[in-house]
Amino acid sequence: MRKPLALAALGLALAALSAAPAAATFAWDFAETGAVSDYFQLKSFHTVVTNTGAAPDTVHVNLVKDIPAAWAASLCEEELCYPPFVLDIDLELAPGQSIDLLIDLTPITTPGRGRSHITLSSSADPGQVAQQTFSVVTPDLDLLLIDASGEAAGLGAGLVETAATAAGAVTAVWDQANMGKALAADLAGYPAVVWLAGAGAVYPDAAERAALDTYVDGGGHLLLAGLDLVTAAADPGSPGYDIAARDWLRERMGAAWVADTGSLDTVSAASGSYAYGGASYSVDGGDVLAPWGSAATSLTWGGGGTALVWNIVGTAKVAVAGFDIAGIATDTARTDFMTRTLAFFAAGTTAAEHAPRPVAARAWPNPFNPRTTIRFEVGGEREQPVSVRIHDLQGRLVRRLQAGVAAPGPQTVTWDGRDDAGRGLATGIYLARVQVGDGLDVVKLALVK
């Protein structure tokens, strides 16, 4: 027997209603998710939670902390602020009601980055869940890494951060996916910035270029690096081809696009390379560049063409690497690249200082037990920055032997086979990185017990 048409239509409507996704029971609004905050300076991220359903609801808030041990992270509901040990709160919301939810982060003594991972869930509809990370970095770092890659979990930026830390730099990552794009005011407190495109075909947009220009004009040093960064902006065949970005890369950064290497390759120091003399790395491939204007080449591709260009802009130094730093094959090689990059940033910008200064370091006895003496010379006629650090074969920094300036002449530094905490290290091969000005030498040391 057939159903009446009206009943059949009603049945279809009810079936469609039951199959439709549930309407959202709450909305969560916020204006910012990342900021720079100094020690003991509370950063409060203001967010608003609104019940958008037709019935009362309880929205559960969970806080997961990812912060240095000395930092504080907490939650506030309107004017009620909970102690830092309270990680779960409930917001009771009538239909249409809004409540201010504040996520507070306070850096205390330890430099770097801290994050609060927040999850909101509805009691009325457990399927309604929202998540967001709120991050703070301190301004007193040697290096800020801007992760623009969008790569999951920031894996590539994490490798670069590890290498920079092993090279002796106090470093943090600005994760654009969670923190938004860094403004000029965010960058101003850092002596050096590395903008990481990773393996993605991304490049700084107009707003980012303006912020980076302000930063460089203020004397900040800048390196752009990425597998397809320049190709994406400057190759006429690229979907993202951008004439304004192409011209900025040429005229501001000194990098013109030539071709895409398209495969695994090696990069090594060009003749007379500034800061990267003697370097050689296996990488994932990338962009073949050409210096533009007054810029110069420091690294070249094994198949020919420029892999890294550098330029002077006022009192700042800028550079473009046509490869992904995280794509450098080994931890040791990445640490070497970041060590040289930091030396590049630290050296002066006058014409007389552009010439590389080779360093010839040696150690005796070698193999050794319990100690060895590292010998090198500071050339020239004036004091120069000197750094002597010991790394293991994984690129990890284990001992800082010397950091400061030294007068011209022979120098000696003794290492007793211990790390910075005074612990004796195991038998093995270690690397002494001796940096004088923008020159670098690496000596293999054999500790035998």
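The figures that follow rest on heavy atoms only: side chains count, while hydrogens, waters and symmetry mates do not.
- A salt bridge links Arg400 with Asp420: at least one charged nitrogen is closer than 4.0 Å to a carboxylate oxygen.
- Without hydrogens or angle criteria, Arg334 side chain to Ile328 main chain gives a donor-acceptor distance under 3.5 Å.
- Pairing each heavy atom of Leu141 with each of Ala172, the nearest pair is CD1-CB, 3.3 Å.
- Between the side chains of Thr25 and Asp125, no donor N or O sits under 3.5 Å from an acceptor N or O.
- Shown here for Leu105 and Gly114, the closest heavy-atom pair between the two residues is CD1-O, 3.9 Å.
- Side chain to side chain, Thr106 and Tyr39 fail the donor-acceptor criterion of an N or O pair below 3.5 Å.
- Asp38 contributes no side-chain N or O that, together with a main-chain N or O of Gln41, makes up a donor-acceptor pair within less than 3.5 Å.
- A salt bridge between Lys181 and Asp186 is absent, with no side-chain N of the basic residue lying under 4.0 Å from a carboxylate O of the acidic one.
- Outside the 6.0 Å centre-distance limit, the rings of Phe26 and Trp28 are not counted as a close aromatic pair.
- Ring centroid separation for the pair Trp195 and Tyr203 does not come in under the 6.0 Å cut-off.
- Counting heavy-atom neighbours within 6.0 Å of Glu78 CD, excluding the residue itself, gives a total above 12.
- Here Arg246 does not pair with Glu251 in a salt bridge; the nearest charged N to carboxylate O distance is not below 4.0 Å.
- Under the 3.5 Å distance criterion, with hydrogens and angles disregarded, a donor-acceptor pair is assigned to the side chains of Asp57 and Ser122.
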Candidate pair Arg389 and Leu401, rule side chain to side chain contact (heavy atoms under 4.5 Å, CB included), full reasoning: CA-CA 6 Å; Arg389 292 180 169 90; Leu401 291 177; over 6 Å; no
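- Counting all heavy atoms, side chain and backbone alike, Ala70 lies closest to Thr110 at CB-OG1, 3.8 Å.
- The local environment of CH2 in Trp292 is sparse, with at most 12 non-hydrogen atoms from other residues, nucleotides or ligands closer than 6.0 Å.
- Within the 3.5 Å criterion, the main-chain N or O of Leu101 finds a donor-acceptor partner in the side chain of Thr47.
- Counting only N and O atoms by type, the side chains of Thr133 and His117 include a donor and acceptor under 3.5 Å apart.
- Here the straight-line distance linking atom CD1 of Ile108 with atom OG1 of Thr138 works out to 12.5 Å at 0.5 Å rounding.
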Tyr276 vs Thr341, side chain to side chain donor-acceptor pair (under 3.5 Å): CA-CA, chis, key distance, verdict: CA-CA 8 Å; Tyr276 296 89; Thr341 297; 2.7 Å; yes
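- Side chain of Ser121 to backbone of Pro126: no donor-acceptor contact under 3.5 angstrom is found.
- Taking both residues in full, the closest heavy atoms of Ser98 and Val48 are given as CB-CG1, 3.8 Å, listed atom of the first, atom of the second, then distance.
- At distances below 3.5 Å, not a single donor-acceptor pair connects side-chain atoms of Asp419 with backbone N or O atoms of Val398.
- The stretch residues 46-115 participates, sequence neighbours left out, in these disulfide (SG to SG under 2.5 Å) pairs: Cys76-Cys81.
- The closest side-chain donor-acceptor pair between Thr119 and Gln131 falls under 3.5 angstrom.
- A salt bridge links Asp416 with Arg399: the distance from a Lys NZ or Arg NE/NH1/NH2 to an Asp or Glu carboxylate oxygen falls below 4.0 Å.
- The side-chain tip of Lys444 does not point at the ring of Tyr430 from less than 6.0 angstrom away and within 45° of straight on.
- Taking CE of Met338 as the start and CG of Leu159 as the end, the distance is 12.0 Å to the nearest 0.5 Å.
- Ring centroid separation for the pair Phe323 and Phe337 comes in under the 6.0 Å cut-off.
- In terms of modelled atom types and a separation under 3.5 Å, the side chain of Trp174 and the main chain of Val136 share no donor-acceptor contact.
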Residue pair Ser123, Thr58: steps toward the side chain to side chain donor-acceptor pair (under 3.5 Å) verdict: CA-CA 5 Å; Ser123 296; Thr58 299; 4.6 Å; no
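- Below 30°, between 30° and 60°, or above 60°: for Phe30 and Phe134 the angle between ring planes is above 60°, a perpendicular geometry.
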Side chain to side chain contact (heavy atoms under 4.5 Å, CB included) evaluation trace for Val194 with Leu222: CA-CA 6 Å; Val194 176; Leu222 173 65; over 6 Å; no
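- The existence of a salt bridge linking Asp213 and Arg209 is excluded, since no basic side-chain nitrogen approaches an acidic carboxylate oxygen closer than 4.0 Å.
- With hydrogens and angles disregarded, a donor-acceptor distance shorter than 3.5 Å links the side chain of Gln97 to the backbone of Ala94.
- Remark: the backbone N or O of Val309 is not paired with any side-chain donor or acceptor of Thr306 at under 3.5 angstrom.
- For Asp287 (side chain) and Val230 (main-chain N/O), a donor-acceptor pair under 3.5 Å exists by modelled atom type.
- Side-chain N/O atoms of Ser280 and Ser268 include no donor and acceptor closer than 3.5 Å.
- With 3.5 Å as the limit, one finds a donor-acceptor pair spanning the side chains of Trp257 and Thr231.
- Residue pairs meeting the salt bridge (charged side-chain N to carboxylate O under 4.0 Å, His left out) criterion with at least one partner in residues 88-103, sequence neighbours excluded, are absent.
- Ser238 contributes a side-chain N or O that, together with a main-chain N or O of Gly240, makes up a donor-acceptor pair within less than 3.5 Å.
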